[in-house]
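Both backbone and side-chain heavy atoms feed into the values below; hydrogens, waters and symmetry mates do not.
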Amino acid sequence: MNEELTLLEIFSNEAEALVARSFLEASGITCYIFKDDPAGYISFRIINPSFGTRLMVKSSEMEEARKLLEEARK
């Protein structure tokens, strides 16, 4: 069954997204990371290395994922 992915959060760096993904996956949530990098533009990378790292989850797991991240940040 193919399920739609939903944006959970956009992180300013990949490391934060990886920590959140690891935490959620340990709790049974399926996560995917997508990065917007300006590949090949070396001078642009110096100014802005990333447009953001998106953490996506299955639509059916969105509510649980939000609650878990919210609790973890308290």
Side-chain angles (χ1 to χ4, degrees):
M1 176 177 151
N2 291 334
E3 188 169 345
E4 185 176 323
L5 296 178
T6 305
L7 176 64
L8 177 63
E9 190 168 333
I10 299 175
F11 293 87
S12 60
N13 65 66
E14 186 177 4
E16 291 176 354
L18 289 170
V19 169
R21 181 182 74 179
S22 294
F23 172 74
L24 291 172
E25 286 181 341
S27 300
I29 304 291
T30 305
C31 301
Y32 302 92
I33 289 181
F34 296 92
K35 294 184 341 178
D36 291 329
D37 288 332
Y41 294 99
I42 294 171
S43 61
F44 185 74
R45 285 180 164 201
I46 293 169
I47 297 167
N48 184 2
S50 177
F51 294 116
T53 304
R54 296 182 316 272
L55 183 61
M56 310 285 287
V57 298
K58 292 179 180 179
S59 297
S60 63
E61 298 177 328
M62 174 60 87
E63 186 176 332
E64 183 179 358
R66 279 190 181 146
K67 287 179 185 177
L68 287 168
L69 279 184
E70 187 177 302
E71 285 296 314
R73 290 178 172 151
K74 287 185 178 180

Worksheet entry | Verdict with reasoning, M62 to R66, per side chain to side chain contact (heavy atoms under 4.5 Å, CB included) | CA-CA 6 Å; M62 174 60 87; R66 279 190 181 146; 3.7 Å; yes
Practice prompt. Decide, yes or no, whether a salt bridge links R54 with E16 under the criterion of side-chain N to carboxylate O below 4.0 Å.
Written response: no
Discussion item. Within this structure, what is the CD1-CD distance for the pair I29 and E61, rounded to the nearest 0.5 Å?
Written reply: 4.5 Å
Worksheet entry | Residues forming a side-chain contact (heavy atoms from CB on, under 4.5 Å) with K67, sequence neighbours excluded | E63
Discussion item. Quick check for you: to the nearest 0.5 Å, what is the distance between F11 atom CZ and K35 atom NZ?
Written reply: 14.0 Å
Worksheet item: Distance from L55 atom CG to L69 atom CG, nearest 0.5 Å?
Response: 7.0 Å
Practice prompt. Check side-chain contact (heavy atoms from CB on, under 4.5 Å) between L18 and all other residues, then give those that pass, not counting sequence neighbours.
Written response: E14, R21, I33
Worksheet entry | Intermediate values then yes/no, side chain to side chain contact (heavy atoms under 4.5 Å, CB included), F34 and T53 | CA-CA 6 Å; F34 296 92; T53 304; over 6 Å; no
Fill in: Joint hydrophobic cluster, V19 plus L24, side-chain heavy atoms closer than 4.5 Å
no
Item to complete: Verify whether one side chain among S59 and E3 offers a donor that lies under 3.5 Å from an acceptor in the other.
Response: no
Worksheet item: Are K58 and T6 close enough, and set up right, to give a side chain to side chain contact (heavy atoms under 4.5 Å, CB included), and what steps lead you there?
Response: CA-CA 6 Å; K58 292 179 180 179; T6 305; over 6 Å; no
Worksheet item: Taking all non-hydrogen atoms of both residues, which atom of A65 and which atom of L8 are closest, and how far apart?
Response: CB-CD2, 4.0 Å
Item to complete: Kindly write out the residues that satisfy side chain to side chain donor-acceptor pair (under 3.5 Å) with E25, not counting sequence neighbours, or none if the list is empty.
Response: none
